[in-house]
Undergrad: 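This is the structure I want to talk about, given as structure tokens.
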Amino acid sequence: MKIGIVMGSDSDFEIVKKSLDILKEFNISVEVRVLSAHRTSDEALEFAKNAENNGMELLIGAAGKAAHLPGVLASVTTLPVIGLPIKSSTMDGLDSLLSIVQMPKGIPVATVAINGAENAALLAVQILSVKYDELKQSMKDYREIMRLEVLKKNDKIVEITKEYL
Ligand code: RP5
């Protein structure tokens, strides 16, 4: 199974890398590109148009500022597109979030939180798990590990706050 991740600039990579690490945990291979909706629009469109034929089952588009990239990708493919707003400007990423989430009807982009790279990857896994049963089990295991980690943190805080009882 394979997905594509397109980011608008190499300056987005530090955040995008968090998606890659999670996708690796789930054994999902990823084609990664730096393609801007504005600065390399032909190449971005070409990548999205050919994504399905090239074996990709979903796209993540990561961009900041006037973040048109995920919407532009979504306009030329029927693969699901997840938008990852990057905090890369003086507006704290709110510009990116609104640029990505406010798609016109007909061309949806499933938008995660500003810099929410982990959730972009997890949502991708969950979408693919409709088709791949093994991902469903892996996601259940992932959540169980997360649950146990939180409970461990709870135990620690309960212990160090005993004196306030
Ligand atoms: C967007 O502009 C990119 O996605 C990036 O988040 C932002 C800044 O790009 P650079 O000026 O760092 O290349 O297109």
Side-chain angles (χ1 to χ4, degrees), residues 1-132 135 138-139 142-143 145-146 149:
M1 58 198 96
K2 184 169 76 170
I3 73 164
I5 298 188
V6 185
M7 67 200 97
S9 168
D10 60 346
S11 62
D12 300 324
F13 185 65
E14 192 184 336
I15 299 299
V16 168
K17 172 83 169 51
K18 297 176 190 180
S19 296
L20 293 175
D21 290 339
I22 289 194
L23 291 162
K24 194 172 192 168
E25 277 185 51
F26 287 90
N27 294 316
I28 294 173
S29 63
V30 191
E31 280 198 28
V32 186
R33 298 286 187 280
V34 175
L35 293 171
S36 162
H38 307 113
R39 297 181 278 210
T40 55
S41 45
D42 287 345
E43 289 82 358
L45 286 167
E46 221 35 46
F47 182 81
K49 276 182 201 166
N50 297 326
E52 194 168 359
N53 280 341
N54 288 333
M56 286 167 254
E57 296 180 279
L58 181 150
L59 296 177
I60 295 176
K65 297 185 176 172
H68 300 134
L69 180 63
V72 162
L73 300 174
S75 73
V76 291
T77 181
T78 54
L79 292 177
V81 176
I82 297 172
L84 170 55
I86 303 289
K87 180 176 162 178
S88 53
S89 79
T90 50
M91 296 179 78
D92 275 346
L94 191 59
D95 47 351
S96 323
L97 172 65
L98 296 179
S99 302
I100 294 177
V101 79
Q102 289 286 45
M103 286 296 292
K105 64 174 176 259
I107 310 290
V109 169
T111 308
V112 296
I114 298 165
N115 283 356
E118 295 88 345
N119 273 0
L122 292 171
L123 181 57
V125 173
Q126 287 180 229
I127 292 170
L128 293 183
S129 75
V130 171
K131 179 174 172 190
Y132 299 103
L135 287 183
S138 304
M139 183 55 75
Y142 183 91
R143 289 204 177 182
I145 290 167
M146 192 166 55
E149 277 170 1

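Counting convention: from 1, in listed order, for ligands and their atoms alike.
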Undergrad: Can you confirm whether Lys87 is buried at NZ, in the sense that more than 12 heavy atoms of other residues, nucleotides or ligands lie under 6.0 Å from that atom?
TA: no

Undergrad: Test of understanding: given a 4.0 Å heavy-atom threshold, classify the contact between His38 and ligand 1 as side chain, backbone, both, or neither.
TA: neither

Undergrad: Below 4.0 angstrom from a heavy atom of Ala63, which ligand 1 atoms are there? Numbered from 1 as shown, please.
TA: 4 (O)

Undergrad: Tell me if the CD atom of Glu25 is crowded by more than 12 foreign heavy atoms within 6.0 Å.
TA: yes

Undergrad: Would you indicate which of Ser89, Ser36, Ser88 comes nearest to atom 7 (C) of ligand 1 when only heavy atoms are counted?
TA: Ser88

Undergrad: What residue and atom, counting heavy atoms only, is the protein's closest point to atom 12 (O) of ligand 1, and at what distance?
TA: Ser11 OG, 2.7 Å

Undergrad: Name the residue from Ile15, Leu97, Val101 that meets the side chain to side chain contact (heavy atoms under 4.5 Å, CB included) definition with Pro85.
TA: Leu97

Undergrad: Among Val6, Leu20, Ile60, which residue meets the side chain to side chain contact (heavy atoms under 4.5 Å, CB included) test with Val32?
TA: Leu20

Undergrad: Under 30°, 30 to 60°, or over 60°: which ring-plane class applies to Tyr142 and Phe26, parallel, tilted or perpendicular?
TA: tilted

Undergrad: Which residue supplies the protein heavy atom nearest to atom 2 (O) of ligand 1, what is that atom called, and how far is it?
TA: Gly64 O, 3.8 Å

Undergrad: Taking 4.0 angstrom as the limit, do Arg33 and Glu43 come out as a salt bridge?
TA: no

Undergrad: Looking only at protein heavy atoms, identify the closest one to atom 10 (P) of ligand 1 and say how far it is in Å.
TA: Ser9 OG, 3.4 Å

Undergrad: Run down the list Val6, Asp12, Val16 and name the one with the heavy atom closest to atom 6 (O) of ligand 1.
TA: Asp12

Undergrad: Give the atom numbers and elements of ligand 1 that come within less than 4.0 Å of a heavy atom of Gly8.
TA: 3 (C), 4 (O)

Undergrad: Please list the nearest protein heavy atom to atom 11 (O) of ligand 1 with its residue and the distance rounded to 0.1 Å.
TA: Arg39 NH1, 4.0 Å

Undergrad: Only one of Val112, Asn115, Leu123 forms a side chain to side chain contact (heavy atoms under 4.5 Å, CB included) with Leu84, so which one is it?
TA: Val112

